[in-house]
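The structure appears below as structure tokens.
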Amino acid sequence: MKYFKLFILLLLCLGLNAQINESVNFNSGDLSLNATFSSPSTEGPFPVAILIHGSGANDRDQTLLLTGGNAQCLYPSLHNQTIKNFKDLSEQLQSHGIAVLRYDKRSFTYGSTLNAETISPYDFIDDVNAAIDYVKTRTDIDTNRIFLIGHSQGANFNPLVANERNDIAAFISMGTVSRGIDTILALQFRHLYYYCLNDTAQGDATYNQTLNDFSEIRNFTWSNNTPYLNVYPLFWRDWMDITDSTIYHFNQATQPMLFLHASDDFNVPIEDAQLLQNNLNSNFDFYYMNDLNHYFTESTTPTLSEAVGDTIYYWLNNKFGLSSVNNEYYNHDLLHLSYSHDFIHLSSPTERIIEQISLLNIEGKEVYHEMSINSFIFTLNKNRFSNGFYVLSVKIDEDFVFKKILIN
């Protein structure tokens with residue numbers, strides 16, 4: 001039994017294929033942006049995901065050292081640890097046969113030479129367009145399956161880019177703001193006083209002052225030459241312009257959209273996800289990721305949750321029929337799976353007898369077992385289980401078949 005659980009753990013956690021990482025660069029206007037193009041070792045052309053950063057001068061891995069008093073309060077078990085969630089996501093997607101382009105933000109490479117008074121979020125959107133144009137020059141890319149994956153600030157860029165182009169197949173938005181960024185920052189400051197200092201009075205005062213300051217920026221009564229929170233008014237006004245119209249921008253998009261929101265997200269309250277979900281027209285899916293923070297890691301590890309890459313892959317596979325390269329332990333000749341709204345349908349293509357099945361959760365604990373099936377077909381009711389990832393173990397005659405599945 002110990003060996004079996006170890007096997008399940010390896011199946012859930014390891015990328016099983018060699019991966020190729022290539023240092024590249026591409027031009028965005030007058031700037032050359034450094035990047036990593038990652039692909040599976042199998043033969044292309046590959047679907048490709050372009051990763052779009054959150055706020056800040058981020059490198060291609062979206063490296064973040066959680067240090068200081070705020071981090072110690074909000075993420076005590078992660079304090080002084082380093083998150084590289086874009087690197088982790090790239091590796092997860094590669095294991096599923098998806099190529100990834102991730103690049104250093106212009107503010108990371110050229111921060112000391114950029115004009116701080118004139119830089120705008122629209123400059124970062126220009127860089128996303130340049131990244132798309134670059135991947136389209138590659139012969140190893142399937143240009144009909146270009147996906148955007150934006151995190152936080154980058155999530156709001158997704159529809160702005162997709163609505164101006166005809167070559168984006170779908171996009172995924174992680175930790176998406178649906179209200180003005182001034183409101184979000186005011187809520188963040190108030191939460192820090194409430195949660196970390198137990199000072200509701202100062203929290204309320206800071207909340208109101210933040211909104212008042214941003215009101216001056218909105219109304220052009222704040223001096224354009226005076227930064228606020230180390231950022232000049234032009235940038236803030238453009239960012240507010242983008243976030244004020246979040247719901248409108250997403251409703252204009254025609255591509256399939258996936259939204260991921262973490263249940264323990266301090267930076268972007270879950271109310272923002274609910275506001276989006278309740279006001280979008282169509283062609284979207286929402287997944288709420290339990291026990292994850294804004295960076296989509298668990299509270300005790302800086303590594304991106306495996307559930308993120310798996311959810312994105314399964315969603316894209318459902319929409320576009322991708323072929324995962326991370327499937328060594330699944331014998332398609334012995335077992336066929338098909339999905340309907342409430343059921344997973346199992347069948348043996350060669351009509352060999354399905355004797356028993358087990359379902360194990362991500363910790364390797366058996367949550368379901370059915371013996372003496374003695375048929376070459378079986379239907380599993382998804383409604384009996386919580387949403388999440390499982391390993392399905394099926395005994396067919398004397399053989400065992402293992403398959404990682406998503407129940408949602």
Side-chain angles (χ1 to χ4, degrees), residues 52-58 70 105-107 111 114-129 150-164 173-195 199-253 259 261 265-280 294:
I52 310 172
H53 323 76
S55 59
N58 291 303
N70 291 342
K105 210 169 182 178
R106 66 166 62 197
S107 52
L114 295 174
N115 187 336
E117 295 187 31
T118 61
I119 192 170
S120 163
Y122 292 105
D123 295 327
F124 303 142
I125 291 173
D126 289 342
D127 297 341
V128 179
N129 281 296
H151 176 240
S152 197
Q153 183 188 71
N156 289 87
F157 295 164
N158 276 336
L160 290 171
V161 175
N163 290 342
E164 296 297 322
S173 298
M174 303 169 59
T176 311
V177 166
S178 62
R179 293 173 284 181
I181 192 60
D182 50 345
T183 297
I184 298 301
L185 287 173
L187 289 170
Q188 289 178 6
F189 295 152
R190 185 174 70 180
H191 181 77
L192 285 170
Y193 279 100
Y194 279 20
Y195 184 77
D199 189 341
T200 57
Q202 187 57 48
D204 291 340
T206 302
Y207 173 85
N208 291 325
Q209 185 61 54
T210 301
L211 292 180
N212 288 337
D213 293 342
F214 273 109
S215 179
E216 291 191 37
I217 294 173
R218 283 179 177 273
N219 296 329
F220 292 86
T221 55
W222 188 281
S223 170
N224 286 333
N225 300 320
T226 303
Y228 180 69
L229 301 176
N230 298 315
V231 177
Y232 282 87
L234 173 65
F235 189 96
W236 286 124
R237 281 194 292 269
D238 285 348
W239 197 356
M240 287 188 285
D241 178 60
I242 291 170
T243 53
D244 286 348
S245 304
T246 294
I247 293 172
Y248 170 80
H249 291 145
F250 280 110
N251 274 330
Q252 294 300 111
F259 294 88
H261 203 91
D265 192 333
F266 150 72
N267 300 64
V268 182
I270 199 166
E271 290 80 9
D272 278 66
Q274 294 166 342
L275 184 64
L276 271 174
Q277 189 172 11
N278 292 333
N279 286 278
L280 294 184
H294 182 65

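Here, residue 1 is the first one in the sequence, and each next residue gets the next number.
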Reported OG-to-CD distance for the pair S245 and Q252, which is rounded to 0.5 angstrom: 10.5 Å
Side chain H151, main chain H294, donor-acceptor under 3.5 Å: yes
Please confirm whether the backbone N or O of R179 pairs with a side-chain atom of D272, one donor and one acceptor, at under 3.5 Å? yes
Taking the side chain from N163 and the backbone from H249, do they hold a donor-acceptor pair closer than 3.5 Å? yes
Applying side-chain contact (heavy atoms from CB on, under 4.5 Å), run through I270 and H261 and close with a yes or a no. CA-CA 7 Å; I270 199 166; H261 203 91; 4.1 Å; yes
Would you say the side chains of D213 and Q209 form a donor-acceptor pair under 3.5 Å? yes
Is it true that a side-chain atom of N58 and a backbone atom of S55 form a donor plus acceptor pair closer than 3.5 Å? yes
Please assess Y207 against L211 for the test side-chain contact (heavy atoms from CB on, under 4.5 Å), listing each intermediate value before the final yes or no. CA-CA 6 Å; Y207 173 85; L211 292 180; 3.6 Å; yes
Aromatic ring pairing F259/F250, orientation class (parallel under 30°, perpendicular over 60°, tilted between): perpendicular
Could you report the tightest heavy-atom contact between T118 and D123, atom names first, then the distance? O-OD2, 4.2 Å
With a cut-off of 6.0 Å (strictly less than), are more than 12 heavy atoms of other residues, nucleotides or ligands near OH of Y195? no
Over all atoms of both residues, closest heavy-atom pair of F266 and L192: CZ-CG, 3.9 Å
Taking all non-hydrogen atoms of both residues into account, name the closest pair between N158 and G150 and its distance. ND2-N, 3.6 Å
Going by distance alone, is a donor N or O of one side chain under 3.5 Å from an acceptor N or O of the other, for N225 and Y232? no
Taking R237's backbone N and O only, do any of them form a donor-acceptor pair with D241's side chain (distance below 3.5 Å, no angle check)? no
If we ignore hydrogens and angles and just use 3.5 Å, is the side chain of N156 paired with the main-chain N or O of V177 as donor and acceptor? yes
Okay, side chain of T246, backbone of T243: is any donor-acceptor separation there less than 3.5 Å? yes
Give, for atom OG1 of T226 and atom CD of E117, the distance between the pair rounded to the nearest 0.5 Å. 9.0 Å
Distance-only, no hydrogens or angles: does the N251 side chain make a donor-acceptor pair with backbone N or O of N279 under 3.5 Å? yes
Could you give the distance from CG (D244) to OG1 (T183), rounded to the nearest 0.5 Å? 8.0 Å
Does the side chain of N129 come within less than 4.5 Å of V161's, by heavy atoms? yes
Hey, is R218 close enough to D182 for a salt bridge, meaning N to O under 4.0 Å? yes
Take F189 and L229 through the test side-chain contact (heavy atoms from CB on, under 4.5 Å) and record every step on the way to the result. CA-CA 12 Å; F189 295 152; L229 301 176; 3.9 Å; yes
Rounded to the nearest 0.5 Å, how far apart are CG of D199 and OH of Y194? 9.5 Å
Return the minimal non-hydrogen interatomic distance between G56 and S107, and the atom names on each side. O-OG, 3.9 Å
Side-chain touch V268/T176, heavy atoms, less than 4.5 angstrom: no
Is the F235 ring parallel, tilted or perpendicular to the F124 ring (thresholds 30°, 60°)? perpendicular
Using side-chain contact (heavy atoms from CB on, under 4.5 Å), reason through R190 and D204 one step at a time and then give a plain yes or no. CA-CA 6 Å; R190 185 174 70 180; D204 291 340; 3.6 Å; yes
Parallel, tilted or perpendicular, as decided by the 30° and 60° cut-offs, for the rings of Y228 and F214: perpendicular
Nearest atoms (heavy-atom pairs only) where W222 meets P233: CD1-CG, 3.7 Å
Specify the closest pair of heavy atoms between I242 and Y122, including all atoms of both residues, with the distance to one decimal. CG1-OH, 3.5 Å
Atom CD1 of I217 and atom CH2 of W236: how far apart are they, to the nearest 0.5 Å? 7.5 Å
What's the separation between atom CG in D265 and atom CE in M174, rounded to the nearest 0.5 Å? 10.0 Å
